[in-house]
Each structure stands twice: as structure tokens, then as C-alpha cells.
Amino acid sequence: MSAPRTPTPRKALGLLSLPERNFVAEALRTETVGGVLLLLAAVAALVWANIPALGDSYETVSHWHFGPGALGLNLSVAHWAADGLLAIFFFVAGVELKRELVAGDLRDPKAAALPVVAALCGMIAPALVYTLTSGAGGGSLAGWAVPTATDIAFALAVLAVIGTSLPSALRAFLLTLAVVDDLFAILIIAVFFTEQLNFAALGGAVAGLAVFWLLLRRRVRGWYVYVPLALVIWGLMYNSGIHATIAGVAMGLMLRCHREEGEEHSPGEQIEHRVRPLSAGLAVPLFALFSAGVAVSGDALGKVFTQPETLGVVLGLVVGKTLGIFGGTWLTARFTRASLSDDLAWADVFAVATLAGIGFTVSLLIGELAFEEDATMAGSVKAAVLTGSLIATLLATVLLKIRNAKYRKLAEEEERDEDLDGVPDVYEQDDPEYHLRMAEILERKAAEHRRLAREKAAARDALAQVPGGAGDRDDGPA
């Protein structure tokens with residue numbers, strides 16, 4: 001009787017499959033560019049709102065209303081950005097989540113456990129930190145959800161600015177973590193920030209989603225069919241009382257993201273590829289432009305650290321996010337068969353967990369919803385989100401710079417392609433053909449070195465036989 005097999009421990013944050021790595025690299029390139037635009041938009045909003053001659057114009061433009069009032073859509077510019085354009089961002093988040101569930105890391109429950117547990121802990125811990133801080137200071141508990149969200153575009157923009165060679169496994173972990181984070185943020189918005197429901201509008205939105213799903217099932221093509229239908233669904237969802245961005249998520253989740261025979265890309269991948277630049281390059285930066293414009297002064301910044309609500313947001317982002325994500329990752333590795341990849345150290349995970357403390361897009365949105373009736377507190381919470389995100393950015397920059405040398409070495413290992421076949425060598429270690437190609441290359445190099453050795457030896461011997469040459473040189477004292 002053969003001995004029972006010992007299960008092989010699974011390496012957490014190990015090497016990605018090549019298709020997954022290529023997808024992550026493409027997604028990160030777009031998100032990084034979008035994050036840089038987001039950063040520029042946030043800076044522009046702060047400058048616009050804080051220059052005395054322009055401050056009033058910022059408020060005027062932000063609160064200027066337009067749209068069909070008969071349809072309940074006569075909204076301010078800021079509301080169009082938060083409820084309208086941001087639905088595009090959540091649509092992309094829905095497609096990302098669907099793809100992760102059917103073709104990415106989340107399709108495997110064992111692999112999904114790590115980012116899911118890390119994301120959950122990374123939302124529970126900031127909420128607890130906020131609740132304890134604000135509650136101890138006698139502040140409002142309404143903002144408990146503000147520090148729970150990670151802004152993936154901003155985090156990746158910081159990576160781009162730092163210029164670190166973060167390993168693909170950690171980048172993928174950060175991206176997957178943010179996708180799961182977005183999902184729970186969407187659930188928080190839907191469950192906790194829906195006060196009154198218009199069931200007629202909600203029924204219409206559900207019917208529209210059913211038509212959307214049916215058209216997808218019947219393989220109907222054409223943007224001129226789906227875009228008008230999506231606008232109708234969005235308008236009905238807005239009027240239902242549920243935050244309109246939920247419509248974007250629902251439609252994103254309906255797209256087919258697995259490839260069928262003969263397909264190079266699934267419909268979900270194709271649509272995401274087209275819509276992601278619109279989300280990262282237009283929708284999110286415009287939202288930032290009309291959400292991040294808060295008055296900043298020494299007195300206002302001082303209040304961020306003295307008001308219990310704003311202090312809770314800052315500590316939630318900086319302390320809660322870091323400890324939650326790092327702790328969730330450690331607990332998963334400690335109590336499951338998963339173990340950290342041999343190429344990484346826990347300091348790497350801690351640096352990425354600190355980076356996840358950058359909360360911007362969804363944190364600002366939840367801040368607006370949580371303190372909708374208190375404009376002063378809403379502005380203070382926005383300032384707290386910006387402050388906490390800045391602190392997390394500075395801490396992550398220091399930590400990532402310290403780890404940068406190791407990251408660069410890992411990145412070089414992942415990119416090495418000695419046989420020049422277009423596939424990194426690390427993905428071909430089990431391929432006999434790769435080793436045959438490498439043997440051929442090494443044999444050619446060995447033959448070249450033997451030829452050079454013979455030439456050098458012959459030249460040295462010839463020199464030794466020439467009178468007055470090196471062999472007859474008198475090296476004694478003069």
C-alpha cells in the first residue's frame with residue numbers, strides 16, 4: 001500500500017500565469033495613466049478652490065444645474081460627476097470582478113481566499129478604528145464607511161511616480177484586492193445609503209437590466225443598442241433611490257468574460273478594453289475635479305486632527321487599512337496551507353498594505369453620502385480623506401524605496417528571456433524545448449569561447465617565439 005500523499009503547500013503571491021500577467025500588466029498601464037490624471041485633477045481642484053479670486057467660481061460651477069427636470073435628472077455638475085460619470089468607473093469595476101470570478105484568481109476558492117480575506121480585514125479594521133476614535137471623542141458614527149475604500153488608480157499612480165519595480169504578483173494582489181474592495185464598497189453604498197425606495201423606478205431598472213441580459217444572451221451586437229438602454233437603466237436606478245452607480249456594476253457583471261472556441265478575447269474583455277480609458281482618463285478625473293475642491297488652511301488642517309470624525313478617517317486610512325490588509329494576509333498564510341512566496345518578504349506585503357491606505361474616489365463619494373445633510377462636516381471629511389491619503393502615500397513611498405532594490409531584482413528575473421522566443425524564461429522551466437534551445441545557445445557560446453581561447457593561446461605562443469618578445473623580456477632590475 002502506497003504512503004498517503006502530503007498536500008503541497010500553496011505559495012501565496014507566487015508567480016502568475018502568463019496570460020494573467022499580461023492582462024494585469026495591460027490593466028495596470030491604463031490605471032496608472034488614469035491615476036496620474038486623477039492626481040492632476042485633484043491638485044487642480046485644490047488650487048481652483050483655494051485661490052481667492054477663483055474660489056467662488058469653483059462653487060458656482062460645481063452647483064450649476066442642468067438636465068431634464070421632468071425625468072428627475074436636473075442635477076448639479078458635481079452630482080452628474082458623482083452619480084453619472086462614476087457609473088462608468090463602477091461598470092469597469094463590475095467587468096473586472098466578473099473576469100476575476102470566471103477567469104482570474106477569484107475563480108479558484110483557494111487562491112481567492114487571500115485577497116478576499118485581506119480585503120475584508122482591510123475594510124473591517126478601518127471601520128473599527130473610525131468607530132472607536134469618533135465614538136471616544138463624542139463624534140458622529142455616520143462616517144464609519146469613509147476609510148474602508150482603496151483607490152486603485154491613485155495607488156498605482158503613486159507606484160508610477162516612485163518608479164519602483166514591483167513584482168507582478170504583488171501588483172496583481174493589489175489590483176485583485178481593490179476589485180474585491182470595490183465590491184464591498186458597492187454593497188455598503190447600496191445597503192447603508194439607500195433611504196427611500198421608488199419601487200416603480202426600481203422595477204423599471206430591473207426590467208431594463210433583464211432586457212440588457214437577454215440581448216447579451218442572444219448575442220445582439222452594436223453600441224447603438226446598449227448605450228441608450230444603459231442610459232435608461234441608469235436614469236431609472238437614480239430615481240429609484242439606490243445610488244445610480246449600482247446600475248453600472250450590475251451591467252458589468254452581466255457581460256460574458258470567458259472565452260469560447262475561436263475567440264481571442266471575450267466580449268467582456270473587449271468592452272473593458274474600450275471603456276477603461278474612458279473611465280480612467282475622463283470619468284474619474286472629472287469626479288475628482290468636482291469633489292476634491294475643499295478649502296485648505298492651517299486652521300482647517302488643524303481641525304482634521306482635533307475633530308473626532310476627521311481624525312477617525314485619517315487613522316482609519318493610515319492605521320486601519322495597513323493593519324487590516326497585512327493582518328488578513330498573515331492570518332490566511334498562518335491558518336491555511338498557503339505560504340508566502342519564497343521570493344517575497346513580509347516587509348513587501350506591509351509596504352503594499354500601506355499603499356492601500358490611499359482612499360480617494362470611493363472614500364470621497366461615501367463621505368458625501370454619509371454627511372449629505374451637513375455640508376461643513378462633508379467638507380471636513382473630504383479634507384481628512386486627502387490628508388490620510390497623503391500620509392499613506394508618504395509612508396508607502398519610504399517603505400517601497402527601501403524595498404526597491406529587491407523589487408528590481410525580482411522584476412529582472414521575471415523579464416529575462418535568454419532564448420529570445422518572446423516568453424520570459426521563468427514560464428518555460430517545465431518545457432523540454434526551452435532547455436534544448438538553451439543547450440544549443442550555450443553550446444554556441446562554449447564553441448565561441450573555445451575558438452577565442454585557441455586564438456589567444458596561439459597569439460601568446462607566437463609572441464613568445466619572437467626575439468625581444470614577451471618571452472625574452474628581461475624583467476630583472478636595470
For the side chain of [X] and the backbone of [Y], is there at least one donor-acceptor N/O pair under 3.5 Å apart?
| X | Y | value |
| --- | --- | --- |
| Y58 | N50 | no |
| S62 | E59 | no |
| S389 | L386 | no |
| K382 | L364 | no |
| K321 | P126 | no |
| E269 | S266 | yes |
| D181 | L177 | no |
| H65 | H63 | yes |
| T148 | M123 | no |
| D83 | A244 | no |

Checklist entry - Among pairs that include at least one residue of residues 212-241, which meet salt bridge (charged side-chain N to carboxylate O under 4.0 Å, His left out), considering only residues two or more places apart or in two chains? => result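 Listed once each, the pairs are R219-E260.
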Checklist entry - Do E272 and R276 pass the salt bridge (Lys or Arg N to Asp or Glu O under 4.0 Å) test, and can you show the C-alpha distance, the side-chain angles, and the key distance before you say yes or no? => result CA-CA 6 Å; E272 181 192 20; R276 187 188 289 274; 2.3 Å; yes
Checklist entry - Within a strict 4.5 Å, meaning less than it, do heavy atoms of the E263 and H258 side chains meet? => result no
Item to check | Option passing side-chain contact (heavy atoms from CB on, under 4.5 Å) with V304 (candidates L311, V313, V314) | outcome: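 Single side-chain contact (heavy atoms from CB on, under 4.5 Å) partner of V304 among L311, V313, V314: V314.
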Checklist entry - Among L395, L400, T393, L399, which residue meets the side-chain contact (heavy atoms from CB on, under 4.5 Å) test with T397? => result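 The residue from L395, L400, T393, L399 that satisfies side-chain contact (heavy atoms from CB on, under 4.5 Å) with T397 turns out to be T393.
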How long is the gap from [atom1] on [X] to [atom2] on [Y], to the nearest 0.5 Å?
| X | Y | atom1 | atom2 | value |
| --- | --- | --- | --- | --- |
| L39 | D151 | CG | CG | 10.5 Å |
| D374 | S380 | CG | OG | 8.0 Å |
| L216 | I271 | CG | CD1 | 7.0 Å |
| F91 | L86 | CZ | CG | 14.0 Å |
| L132 | W144 | CG | CH2 | 14.0 Å |

Item to check | More than 12 heavy atoms of other groups within 6.0 Å of F350 CZ | outcome: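 At most 12 heavy atoms, drawn from other residues, nucleotides or ligands, come within 6.0 Å of this atom.
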Next on the checklist: Is there a side-chain hydrogen bond (donor to acceptor under 3.5 Å, both in side chains) between W48 and S57? Walk through the geometry before answering.
Outcome noted: CA-CA 8 Å; W48 188 1; S57 67; 2.9 Å; yes
Can you give the donor-acceptor pairs under 3.5 Å from side chains of residues 66-76 to other protein atoms, not counting sequence neighbours?
unit_1: N74; atom_1: OD1; unit_2: F66; atom_2: N; d: 3.4
unit_1: S76; atom_1: OG; unit_2: H79; atom_2: N; d: 3.1
unit_1: S76; atom_1: OG; unit_2: H79; atom_2: ND1; d: 3.0

[X]: side chain to side chain contact (heavy atoms under 4.5 Å, CB included) partners, not counting sequence neighbours:
| X | result |
| --- | --- |
| E372 | none |
| S279 | I88, F89, V92, V284 |
| V191 | none |
| S134 | Y130, L141, P308, E309 |

Item to check | Step-by-step side chain to side chain contact (heavy atoms under 4.5 Å, CB included) determination, H243 to L365 | outcome: CA-CA 11 Å; H243 201 269; L365 176 61; 3.6 Å; yes
Next on the checklist: Checking V349 against F326 for the side chain to side chain contact (heavy atoms under 4.5 Å, CB included) test, could you report, in this order, the C-alpha distance in whole Å, the side-chain angles of both residues, the deciding distance, and whether it holds?
Outcome noted: CA-CA 7 Å; V349 180; F326 180 81; 4.1 Å; yes
Checklist entry - So, for F290 and W80, is the gap between ring centers shorter than 6.0 Å? => result no
Item to check | Evaluation steps, side chain to side chain contact (heavy atoms under 4.5 Å, CB included), between F193 and I188 | outcome: CA-CA 7 Å; F193 296 101; I188 288 173; 3.9 Å; yes
